[in-house]
Amino acid sequence: MKLILMGGPGAGKGTQARRIAEKYGIPQLSTGDMLRAAVKAGTEVGLKAKAAMESGSLVTDDIVVGIISDRIQEDDCKGGFILDGFPRTVEQAKALTKMLKKRDLKIDFVIDITADDEELVGRITGRSTCSKCGEGYHTMFKKSSKEGICDKCGGELTTRADDNEETVRNRLGVYHEQTAPVLGYYGKKGALKEVNGMLAMDEVFNALCTILG
Ligand code: AMP
């Protein structure tokens with residue numbers, strides 16, 4: 001099963017991708033996570049991506065296409081994968097179609113998790129993630145019982161540098177301008193489905209599982 005999860009920043013792509021990955025036993029491929037790891041490690045890709053990520057703009061297509069092209073060739077992707085945060089431009093979507101076609105593969109599902117912009121801003125400002133296991137928390141919707149510490153594994157909670165209101169608003173603008181056309185690209189192919197991301201997390205997950213079967 002090869003799946004693309006679409007949706008604005010904070011729509012729940014990462015959270016839902018993790019749950020789907022667990023249920024279906026396929027890897028979650030998050031370009032955001034991969035780029036953050038590259039920035040942290042100080043690699044060439046990381047150095048090139050850092051400024052764009054900090055301002056909430058997009059990293060260049062060639063960088064992310066290169067990352068995904070390498071990653072989907074790894075063994076754990078043989079049974080499928082979940083793309084979370086890629087493609088974010090029509091150029092990336094076209095490059096993905098091309099790289100899959102070369103191997104006689106195609107995307108099975110593209111699902112857009114929809115939510116209002118103001119809801120997204122509220123969700124993002126206040127969220128944190130466990131640096132050890134990746135579990136997500138929020139100061140209003142899902143507090144950890146001990147401040148700054150993960151309930152699941154005891155790891156330290158960290159806040160993303162780009163999860164502040166100013167950058168989030170820029171990320172939303174970028175989403176509407178550059179990423180929303182990707183929905184049109186898959187819509188024309190008849191591959192696009194929608195799930196209401198304003199619902200509770202479990203309800204969104206159930207709706208996704210109903211589509212995936
Ligand atoms: P995310 O974790 O998906 O919100 O991504 C965080 C940041 O990484 C984005 O704001 C972009 O700067 C960069 N990024 C992640 N995925 C992509 C992509 N497919 N194309 C361009 N930039 C990306």
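Counting starts at 1 for both ligands and their atoms, following the listed order.
Residue I124 is tested with V168, L172, D162 for a side-chain contact (heavy atoms from CB on, under 4.5 Å); the sole match is V168.
Residues satisfying the side chain to side chain donor-acceptor pair (under 3.5 Å) criterion with K142, sequence neighbours excluded, are E135. Applying the side chain to side chain donor-acceptor pair (under 3.5 Å) criterion to R71, with sequence neighbours excluded, gives E74, D76.
In summary, the side chains of D62 and T60 do present a donor paired with an acceptor at a separation below 3.5 Å, with no hydrogens or angles considered.
The pair E22-R18 does not count as a salt bridge, with every side-chain nitrogen at least 4.0 angstrom from each carboxylate oxygen.
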Report every pair formed by an N or O atom of ligand 1 and a protein N or O atom separated by less than 3.5 Å, giving atom names and the distance to 0.1 Å.
residue: ligand 1; atom: 2 (O); partner: R36; partner atom: NH1; Å: 3.0
residue: ligand 1; atom: 2 (O); partner: R36; partner atom: NH2; Å: 2.9
residue: ligand 1; atom: 2 (O); partner: R160; partner atom: NH1; Å: 3.1
residue: ligand 1; atom: 2 (O); partner: R160; partner atom: NH2; Å: 3.4
residue: ligand 1; atom: 3 (O); partner: R88; partner atom: NH1; Å: 3.0
residue: ligand 1; atom: 3 (O); partner: R88; partner atom: NH2; Å: 3.1
residue: ligand 1; atom: 4 (O); partner: R88; partner atom: NH2; Å: 3.3
residue: ligand 1; atom: 4 (O); partner: R160; partner atom: NH2; Å: 3.0
residue: ligand 1; atom: 5 (O); partner: R88; partner atom: NH2; Å: 3.4
residue: ligand 1; atom: 12 (O); partner: S57; partner atom: O; Å: 2.6
residue: ligand 1; atom: 16 (N); partner: T31; partner atom: OG1; Å: 2.8
residue: ligand 1; atom: 16 (N); partner: G85; partner atom: O; Å: 3.4
residue: ligand 1; atom: 16 (N); partner: R88; partner atom: NH1; Å: 3.0
residue: ligand 1; atom: 19 (N); partner: G85; partner atom: O; Å: 2.9
residue: ligand 1; atom: 19 (N); partner: Q92; partner atom: OE1; Å: 3.0
residue: ligand 1; atom: 20 (N); partner: Q92; partner atom: NE2; Å: 3.0
residue: ligand 1; atom: 22 (N); partner: V59; partner atom: N; Å: 3.0

Indicate every side-chain donor-acceptor pair of residues 126-133 with a distance under 3.5 Å to a residue at least two apart or in another chain.
residue: R127; atom: NE; partner: D163; partner atom: OD2; Å: 2.7
residue: R127; atom: NH2; partner: D163; partner atom: OD1; Å: 3.4
residue: S131; atom: OG; partner: E156; partner atom: O; Å: 2.7

